[in-house]
Amino acid sequence: MPSYSPPLRDIRFVVHDLLQTERVLAETGAFPGVDRDLIDQVLEEAGKMAAEQIQPQNQASEAEGCRMEKGVVTTPPGIRAAYAAFVAGGWSGLCARPEHGGQGLPQMLAFVLNELTSAASIAASDYFGLFAMVYHMVQRHASPALQAVYSEGLASGRFGGTMCMTEPHCGTDVGLARTRAEPTADGSWRLTGTKIFISAGEHDLTENIVHLVLARAVGDPPGSRGLSLFLTPKILPDGARNGLVAVTLEDKMAYAASATCQMAFDGATAWLIGERGKGLAAMFDMVNAARLMVGSQGMAATEAAYQIAAAYARQRLQGRAPGKPAHPELPADPILCHPDVRRMLLGVRGYIEAARALYLGLGLEVDIAERHPDPARRKAAADWLGFLTSTTKATLADFGVWCTNDCLQVLGGHGYIRANGVEQLLREVRLNPIQEGANGMLALDLIRRQIPRDDGALWRRFLAELETEAAAAPPALADLAAGLAQARARLAQAADWIRERSAADPSEAGAAGTDFQRMFGLTLFAWQWLKMARVAEAGLERGNDDGFLAGKIMTARFFYRRMLPMAEGHWQSLQAGAETMMTPPPDYFWPDA
Ligand SMILES: Cc1cc2nc3c(=O)[nH]c(=O)nc-3n(C[C@H](O)[C@H](O)[C@H](O)COP(=O)(O)OP(=O)(O)OC[C@H]3O[C@@H](n4cnc5c(N)ncnc54)[C@H](O)[C@@H]3O)c2cc1C
């Protein structure tokens, strides 16, 4: 059975040395008592819980899967035990308000918790993350009366929650939603419609489930502007069963332990949360949080796969090291001697560590956006999150698939065998480029909404951040600084190219989208690697290293020399323009054409 060792050394490096979390949180004045010691204690305990109580059930729960009978969903016993351990440890209320029984800790710690539990079991962490997001949505958008009914249950883990957007005919294009809401005389609403693919739509983990549903109030206009957000519980406050039921459990490629349901709402009692007609904007608070969670699951699963692959590469004996045997006393050398195996393992490190730095950095921005006393600072952090979230999700999700795939390759045929655990991780991460906004659609969001936003102010801020980082590099990292400056210039050139071309032909933005998104993602990682290398270099100058800081710089160089150049390939491909893909007529795509 695979095991998982929480990468606390690297997480502490990011949290303390890179992000200076203690100092930044102190500036908010919102978290008295949250110092380095407390943060370390939380990391330690979260890691222990993930490795000892969440991970051991992961493989068995996937094999067993959820079951459904007459609308009742039973989760695997391992998932129930993992959920019970999570709740008993107080983790469900980590960031919830103390008046709801929560611990009131920073969101950045929930980001770390999410990485650790996702690496241990993505299926289990899906339940944990979703329920916490629904708690925060209720705080942000529901009326005080609804908050009084649902906050404590969600914070304590007694209640679960869902996000209900997708319908059979409407996924990426949410504005097509047909679920309708009719008002009643008492101010509540009746929801009727079908939602599909609803994570945790029905299960046996909690005594109630709080569904957040996008629906169209009768008479409201078509399209996304006509959508409102409703809260509809499985069990009504008077204890009666509400008019909603899970009708199918999806039979899917992975995550068998996560109950993905088709839900039928048949006049279900619901309450409007937020403003009528502004439901999609409200739901986007949750979508953005979910995007970061989905992206981080790719990174977390890859960490779990890396640990298996790296251990395997050290002990599997096949072939000989180039030149002369590394271990003549053995019948063959460990496969770690082969440059191609090293390429894969280092590529995975190049992804995971940059992804972690980026993801936790955004976690800290969430705390600033929510709790900083200065409104200008809050707005700047919220804008920054808005600017970077969709590309972070897409990049972490894509690399998660490629890198978990490389981990499987390191194990050869033994990676394809279930017992080693990597094939499960690969099947699981395949969801991430699809869920919470298909990556191709997010590429368009980057080009059409984020870059032009506020007259390009955030885009210019991003380019300025890269410039500042390159300028701050010490002489020992001059090669990396030059690499970042070049990637920055190329990215800016690509953005200009797309803007000019798409003014004449709207297909150009869509045609360039994925290449541009990948250039952007690689540049984001390059930015993180130079920051980490700068901090590592400063630590080395202080003279205390056991190899960790020198290792950081080695991986940074690997990233710059072997991974960042992929951006140039995307630039070449992007310049081929829309013509190559828009010329074939629709009939060309029929298999017999
Ligand atoms: C396991 C699982 C769990 C899920 N959990 C939830 C949940 O809890 N709540 C919920 O509401 N939904 C959930 N979903 C739904 C998920 O978010 C959708 O599958 C996703 O939004 C894509 O919608 P779709 O599947 O209908 O694909 P479609 O919208 O039909 O798109 C198909 C493909 O077309 C392309 N495409 C579509 N539009 C564009 C565009 N504008 N630009 C470029 N390319 C485009 C993309 O490549 C896309 O992958 C879940 C799905 C799965 C599989």
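All ligand and atom numbering here is 1-based and tracks the order in the structure.
In terms of protein heavy-atom proximity, atom 6 (C) of ligand 1 is closest to Phe197 O, 2.7 Å. In terms of protein heavy-atom proximity, atom 24 (P) of ligand 1 is closest to Gly171 CA, 3.9 Å. Atom 1 (C) of ligand 1 has as its closest protein heavy atom Leu431 CD2, 3.6 Å. Protein heavy atom closest to atom 18 (C) of ligand 1, with residue, atom name and distance, is Thr166 OG1, 4.2 Å.
Annotation: Thr260 places no N or O atom under 3.5 Å from an N or O atom of ligand 1; distance criterion only. At under 3.5 Å, a nitrogen or oxygen of Thr172, whether backbone or side chain, sits near a nitrogen or oxygen of ligand 1. Residue-to-ligand polar distances place Met165 within reach of ligand 1: an N/O pair is separated by less than 3.5 Å.
Every atom of ligand 1 with a heavy atom of Gly440 under 4.0 Å away is listed here by number and element: 43 (C). The distance from ligand 1 to the heavy atoms of Met163 drops below 4.0 Å at these ligand atoms: 7 (C), 8 (O), 9 (N), 10 (C), 11 (O). Each of the following atoms of ligand 1 lies closer than 4.0 Å to a heavy atom of Leu444: 42 (N). Here is the list of ligand 1 atoms found below 4.0 Å of a heavy atom in Gln435: 3 (C), 4 (C), 5 (N). Within the listing of ligand 1, atoms 17 (O) sit less than 4.0 angstrom from a heavy atom of Glu436.
Ring geometry for Trp571 against Trp497 counts as perpendicular: the plane angle is over 60°, on a 0 to 90° scale with 30° as the lower cut.
Residue contacts with ligand 1 for Asp173 are absent, since no atom lies close enough (heavy atoms, distance under 4.0 Å). Only the side chain of Ala438 comes within 4.0 Å of ligand 1, counting heavy atoms alone; its backbone N, CA, C and O stay farther away.
Residue pairs meeting the side chain to side chain donor-acceptor pair (under 3.5 Å) criterion with at least one partner in residues 430-444, sequence neighbours excluded, are Lys393-Asn439, Asp398-Asn439.
For Trp271 and Phe230, the ring centers sit 6.0 Å or farther from each other. Aromatic rings from Tyr135 and His100 are positioned such that their centres are separated by under 6.0 Å. Checked against a 6.0 Å centroid threshold, the rings of Phe462 and Phe520 count as neighbours.
Judged purely by distance below 3.5 Å, without hydrogens or angles, the side chains of Glu275 and His141 never pair a donor atom with an acceptor atom.
For the pair Met293 and Asp126, the minimum side-chain heavy-atom distance is below 4.5 Å.
In this structure, atom 30 (O) of ligand 1 has its sub-4.0 angstrom surroundings free of protein heavy atoms.
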